[in-house]
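So the structure is just underneath, and the comments pick up after that.
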Amino acid sequence: MKIGILGSGVVGQVIGQKVAELGHDVMIGTRDPANLGEPRGWAPSLGAWLADTNGRGRVGTFAQAAAYGELLVNATNGLASLDALRQAGAQPLGNKVMLDLANELDVSRGMPPRSLATDDRSLAEEIQAAFPDVRVVKSLNTMNANVMVDPRALAGGDHTVFLSGNDAEAKAQVAELLRAFGWTDIFDLGDLGSARGVEMLLPLWLRVWGGLGNVPFNFKIVR
């Protein structure tokens, strides 16, 4: 499968390397695809990322990545997601399945960041409203990138990933990818409105992260 990832930071690069390891072809979309030499925030350079994909990786603009992918991943900074998707364009996005794993985190008032998700709105719903043909599925936003792609490295994989979306077929496609990553406890929360809950989990996640330090952790629904 061809996968288009919008966002070239650590999350986009980690997801991209994992899907390449699984045998998929992948293109990362970024604002400056010609710049392969500079580190991307906490992530290495895109040149280093390309070298780690064994020829399965490519770099392009947001529009090129959107057109390239049969499945899309929104790994942009949540505050810039809508702008990046508008740069990609409605036509390249089409009616493709989009795994949205971004969070809107505002650092203007200092740390820890403030989540902009509320009981009335979520980023996933904003994306769906702006691009009604895209089949948005929210998942993987409640953990760090390494846990996203290697759940078995933490407690043998005995923890939970959430799934929200309006389209059953789209959720099934994302769930298949999650299982390929190693996820076994996939909790379907229902329609895309339930993304409000998982995005609102971020303030708790950030406090736990601050208490534990930079160590992998996740939540488990015990039932």
| note | One should read off an interatomic distance between Arg196 CZ and Asp120 CG, to the nearest 0.5 angstrom, of 6.0 Å
| Just by distance, with hydrogens left out, do Asp191 and Asn166 show a side-chain donor and acceptor under 3.5 Å apart? | no
| query | Just wondering, are more than 12 heavy atoms of other shown residues or ligands nearer than 6.0 Å to CD in Glu21? | reply | yes
| task | Scan side-chain atoms only and decide if Arg40 and Thr30 contain a donor-acceptor pair under the 3.5 Å cut-off. | result | yes
| remark: Heavy-atom nearest pair, Leu36 first then Ser45, reads O-CB, 3.2 Å
| remark: In this structure, CH2 of Trp183 is separated from CG of Asp185 (nearest 0.5 Å) by 8.5 Å
| Where do Gln64 and Arg58 land on the side chain to side chain contact (heavy atoms under 4.5 Å, CB included) test, with the steps shown first? | CA-CA 10 Å; Gln64 288 170 331; Arg58 297 163 177 78; over 6 Å; no
| Between CD on residue Glu176 and CD1 on residue Ile186, distance to nearest 0.5 Å | 10.5 Å
| field | Inter-residue atom distance Leu72.CG - Lys2.NZ, 0.5 Å rounding | value | 13.0 Å
| message | Between Leu46 and Gln13, is there a side-chain heavy-atom distance shorter than 4.5 Å? | response | yes
| field | Worked verdict on Asp83 versus Leu85 for side chain to side chain contact (heavy atoms under 4.5 Å, CB included) | value | CA-CA 5 Å; Asp83 179 60; Leu85 292 170; over 6 Å; no
| said: We want to know whether Asp133 and Asn95 form a side-chain donor-acceptor pair, criterion being a heavy-atom distance below 3.5 angstrom. | reply: no
| request: For residues Asp167 and Glu169, report the shortest heavy-atom separation together with the two atoms involved. | output: OD1-N, 3.0 Å
| query | Could you walk me through whether Ile15 and Met148 pass the side chain to side chain contact (heavy atoms under 4.5 Å, CB included) check? | reply | CA-CA 8 Å; Ile15 295 285; Met148 290 179 188; 4.1 Å; yes
Show me the donor-acceptor pairs within less than 3.5 Å that the side chains of residues 204-219 make with the rest of the protein, sequence neighbours left out.
| unit_1 | atom_1 | unit_2 | atom_2 | d |
| --- | --- | --- | --- | --- |
| Trp205 | NE1 | Thr142 | O | 3.3 |
| Asn218 | ND2 | His159 | ND1 | 2.9 |
| Asn218 | ND2 | Thr160 | O | 2.9 |

